[in-house]
Amino acid sequence: MVTVALSPSAPVIDRRIYGQFAEHLGRGIYEGLWVGADSDIANKNGIRRDVIAALRDIKVPVVRWPGGCFADEYHWMKGIGAPDERQAMVNTHWGGVVEPNEFGTHEYFELLDQLDAEAYICGNVGSGAVAEMADWVEYMTLDAGSPMAELRRRHGREQPWRVPFFGVGNENWGCGGNMLPLHYANLYRQFQTYVRNYGDNRITKVAGGANAGDYEWTEVLMARAAGHMDGLSLHYYTLPTGDFGVKGAALGFGEAEWYATIDHARHMDTLLTRHGEVMDKHDPGRRVGLYVDEWGTWYDAAEGTNPGFLWQQNTMRDAMVAALHFHIFHKHAARVRMANIAQMVNVLQAMLLTDGPRMIKTPTYFAFQLYTDHHDAQLLELGGAEELPAHTDLTASRAGDGSDDVTVSAVNYDLERTAVVEVTLPGRVRELVRADILAADRFDAHNTFEAPDAVGISAFEGADVAGDRLTLTLPPHSIVTVRSRLA
């Protein structure tokens, strides 16, 4: 029996842990989001209507852009102005293709406007200059009084945009410059000085953090620059093998690969615990947030695709990985303020896949949809969680809208056994507001353009209520969310 209780000190689950990431990579931007105003594909100001409608349904809170590795070779002034003023470049990180820069700053903010999402810009430290970054911040956020603000106005945007989050570089230990931690810490201190607040815009400055278990990087950054940052990032990808040389296949995997992938996903808990301990030494008040701004599954390139495009199919295994990450992020909500899955459309663990005018939703998309009731809700403490059946996990929250609704989400990642989970809630259940399940007859089930509805959410019939007790009967490889209204 698991007991769910409200603690006065329990943190709020920031909705931004359900954030997204859109990099100039493969078909993530072009075709995935941007088709241009003259396209035969239905669009609004060049952005696909079907993609926007789908993403709005999962309440995307924030979108990180333009990278990723691409960010540290991106020079923003090549992507502003009239179409004939844009300067193409070679995307050296991702497939060596020509990047036309048709999708730039103005188009990004158009995307955010259509999504009703917040901006998380990643600036260029690896190949950029301090002045370039300072000019970009002015261009986006300064109302008047500078050449950059006037340039923005000449390009059709009178009012400044809001930029609540700005990352100072990306993976500067690797593709962002192959730097050592002390060198990047010094550069971060310099660059962030010129990421200034203009008017009423207040920027949360995010330093480029560690790769997976590189705790030395976190130690040096926190020791040398914690006072100059509001957030520190962390990147960790889930691979079936744990080896980037031979990652494993997205399809055609067996039971051993399923459980290995789950084990690697659950390692996120260890990473957040240990990086959090390092951060606590230098920031015991937890002012600096931990931003897991790249996470998700990464498999070997699909046969017949450009390996630099990182396109992969998406199965129930990916949905399970996503749900387990949500539970871990909830557990660490006192420090984790944002997370951005890689990536939103057509790249890695995508929400959506497109093929010309066609679009399908992936199992991961539906995992995000199942967890929307946890956005900005207060985390509930779990008593007796160690008594949960094997291969199950559970998270719970109290609605942030002032109601007494309690949402419980549970997973059973066992491939054969049904699991029964009994939960005692902090009050008698008056009604079930929502009871949904994501499940399929096969653990490798996925949607295709020929069968777009093979996997999806359906009504969950396995929830029983008796007073304050909620009993969930979870089929194998399933994810469930139940929202209860308490008396």
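No experiment lies behind these values; they were computed from the predicted model shown.
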Flag for Ser127-Glu73: side-chain donor and acceptor within less than 3.5 Å: no
Atom CD of Glu450 with >12 non-hydrogen neighbours under 6.0 angstrom: yes
His374 and Tyr18: CA distance, side-chain angles, deciding distance, ring-ring contact (aromatic ring centres under 6.0 Å, His included) verdict: CA-CA 10 Å; His374 293 291; Tyr18 293 92; 7.4 Å; no
Working for side-chain hydrogen bond (donor to acceptor under 3.5 Å, both in side chains), residues Asp318 and Thr297: CA-CA 7 Å; Asp318 299 277; Thr297 53; 2.6 Å; yes
Arg266 bridged to Asp269 by N-O distance under 4.0 Å: no
Between CD on residue Gln312 and NE2 on residue His446, distance to nearest 0.5 Å: 12.5 Å
Close side-chain approach of Leu239 and His264, heavy atoms under 4.5 Å: no
Between Tyr371 and His327, ring centroids under 6.0 Å: yes
Residues, nucleotides or ligands: over 12 heavy atoms within 6.0 Å of Lys59 NZ: no
Candidate pair Asn346 and Thr354, rule side-chain hydrogen bond (donor to acceptor under 3.5 Å, both in side chains), full reasoning: CA-CA 7 Å; Asn346 287 334; Thr354 67; 2.8 Å; yes
Residue Arg417 excluded, over 12 heavy atoms near CZ under 6.0 Å: no
The single option from Tyr74, Phe70, Trp76 passing ring pair (Phe, Tyr, Trp, His ring centres under 6.0 Å) against Trp65: Tyr74
Arg286 with Asp280: basic N within carboxylate O range, under 4.0 Å: yes
Within-4.5 Å side-chain heavy-atom neighbours: Leu232 and Tyr291: no
Donor-acceptor pair between Glu99 and His24 side chains, under 3.5 angstrom: yes
Heavy-atom neighbours of Arg442 CZ exceed 12 at 6.0 Å: yes
Distance-only polar pair, side chains of Ser409 and Thr481, donor-acceptor under 3.5 Å: yes
Non-hydrogen atoms of Tyr299 and Lys247 that approach each other most closely: O-CE, 3.2 Å
Worked check of ring-ring contact (aromatic ring centres under 6.0 Å, His included) between Phe443 and Tyr413: CA-CA 9 Å; Phe443 60 82; Tyr413 56 88; over 10 Å; no
Minimum heavy-atom distance between Asn124 and His75, given as atom pair plus value: ND2-CE1, 3.6 Å
Candidate pair Asp293 and Tyr120, rule side-chain hydrogen bond (donor to acceptor under 3.5 Å, both in side chains), full reasoning: CA-CA 10 Å; Asp293 57 20; Tyr120 181 12; 2.7 Å; yes
Aromatic ring pairing Trp217/Tyr184, orientation class (parallel under 30°, perpendicular over 60°, tilted between): parallel
